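Sequence lines set the chain letters: A, B, ... in the order given, protein chains first and strands last, and positions in each chain run from 1. This is a predicted model, so every value here is computed, not measured.
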Protein chains: 2
Amino acid sequence: MTMKSDKKNTSCQGRCPCMNYCPLGGALRLIGGKWKVPILCALNQDGTTRYNELKRKIKGITNTMLASSLKELEEDGLIYRKQYMEMPVRVEYALTDLCSDLMPILSQLAHWGIKVHRSE
Amino acid sequence: MTMKSDKKNTSCQGRCPCMNYCPLGGALRLIGGKWKVPILCALNQDGTTRYNELKRKIKGITNTMLASSLKELEEDGLIYRKQYMEMPVRVEYALTDLCSDLMPILSQLAHWGIKVHRSE
DNA sequence: TTACCTGCTAATAATTTTCTGCGTAATTGA
DNA sequence: TCAATTACGCAGAAAATTATTAGCAGGTAA
């Protein structure tokens with residue numbers, strides 16, 4: 001898998017749940033950006049999904065962003081890519097176990113988000 | 001508090017832990033950006049903290065970003081600002097209860113981040 | 001054959017968003 | 001007058017995102 005050791009670690013300079021590397025900052029970087037959460041949510045909800053199916057489901061995403069986000073998510077070990085050598089090529093994506101562990105945490109975050117939204 | 005209803009809701013179009021508004025996207029926006037997590041972590045670790053103390057503790061942050069991030073966090077109800085009418089002015093920041101509820105979730109996220117980091 | 005269609009992705013430039021660096025302001029006691 | 005504290009404003013740099021174009025592999029329709 002990829003090396004990320006050169007990424008700046010602004011998140012927590014020796015404080016919090018974080019030490020020198022800051023796994024919290026690291027985690028947030030993995031799911032950061034505009035489209036990664038929508039992709040993960042789609043895969044979480046529907047399971048294994050093809051490229052164009054994702055594109056249809058995630059409104060407004062461009063090919064550029066879908067392809068590059070999928071690539072990063074795969075490199076980071078959050079999703080799994082399986083290419084079938086049919087013609088035309090078929091490619092399927094699914095969450096890895098690692099990412100399945102993440103989803104309940106995101107779900108808690110979502111519940112917290114509901115509270116915040118109500119209190120505004 | 002602030003109205004955020006005009007924010008685009010790209011995160012989850014009717015899927016996942018999210019409905020139409022997407023509280024997950026909302027939550028991630030609140031803590032998004034380069035400096036908000038470091039600020040929250042500092043406040044979580046040390047409790048009530050003054051402006052310049054925060055500035056010293058969070059290495060590399062500029063006045064512009066510290067001031068604007070604090071302002072947004074306050075508008076969003078995550079931190080609490082108390083200004084003492086001394087001279088020179090003293091201002092203290094602390095986490096709100098709402099944000100205290102968030103910290104354990106971030107902690108879980110951090111633990112997940114450790115796993116990811118190890119598997120790379 | 002020719003032309004165009006689907007599925008997936010890359011390359012590039014244009015645009016938008018976010019961040020940085022610097023300067024400055026109000027206040028007032030020493 | 002100067003220092004200390006807490007900011008705000010603005011220009012430009014950097015980063016993220018979008019738009020556009022194009023590629024390839026093969027299938028379909030004319």
- Can you tell me the distance, in whole Å, between the NZ atom of Lys36(B) and the C1' atom of dT18(C)? 12 Å
- Quick one: does Ser107(B)'s side chain get under 4.5 Å of His111(B)'s, heavy atoms only? yes
Short N/O separations, protein against nucleotides 27-30 of chain C, under 3.5 angstrom:
none

- Message: For the backbone of Val116(B) and the side chain of Ser119(B), can you confirm whether one donor and one acceptor N or O come within less than 3.5 Å of each other?
- Response: yes
- Report the distance from atom CD of Gln83(A) to atom P of dG26(D), rounded to the nearest whole Å. 13 Å
- Message: Does any part of the side chain of Leu102(B), heavy atoms only, come nearer than 4.5 Å to the side chain of Leu109(A), both counted from C-beta?
- Response: yes
- Given side chains that start at C-beta, do those of Pro38(A) and Ile61(A) come closer than 4.5 Å, heavy atoms only? no
- Task: Round to the nearest Å and state the distance from Arg90(A) atom CZ to dA25(D) atom C1'.
- Result: 16 Å
- Query: Taking only side-chain nitrogens and oxygens of Arg50(A), does any of them come within less than 4.0 Å of OP1 or OP2 of dC8(C)?
  - Reply: yes
- Task: Would you kindly give the CD-to-P distance between Glu72(B) and dA7(D), to the nearest whole Å?
- Result: 14 Å
- Query: Under 4.0 angstrom, heavy atoms only, what part of the nucleic acid is Tyr84(A) near: base, sugar-phosphate, or nothing?
  - Reply: nothing
- Query: Which whole-number value in Å describes the distance from Lys71(A) NZ to dA16(D) P?
  - Reply: 16 Å
- Item | Sequence-aligned protein contact record of nucleotides 17-22 of chain D, with B where the base is within under 4.0 Å of a protein heavy atom and S where only the sugar-phosphate is | SBBB--
- Message: Without decimals, in angstroms, what is the distance between Ile39(B) CD1 and dC19(C) P?
- Response: 11 Å
- Hydrophobic cluster membership, Leu95(B) vs Tyr80(B), 4.5 Å side-chain cutoff: no
- Task: Measure from CG on Leu70(B) to C1' on dC19(C) and round the result to the nearest Å.
- Result: 16 Å
- Phosphate OP1/OP2 of dG7(C) contacted by Tyr93(A) side-chain N/O (<4.0 Å): no
- Message: Measuring only between side-chain heavy atoms, which start at C-beta, is Leu70(B) closer than 4.5 Å to Arg81(B)?
- Response: no
- Query: Rounded to the nearest 0.5 Å, how far does CG of Leu54(A) lie from CG of Asp46(A)?
  - Reply: 8.5 Å
- Message: I need the OH-P distance between Tyr51(A) and dA25(D), as an integer number of Å.
- Response: 18 Å
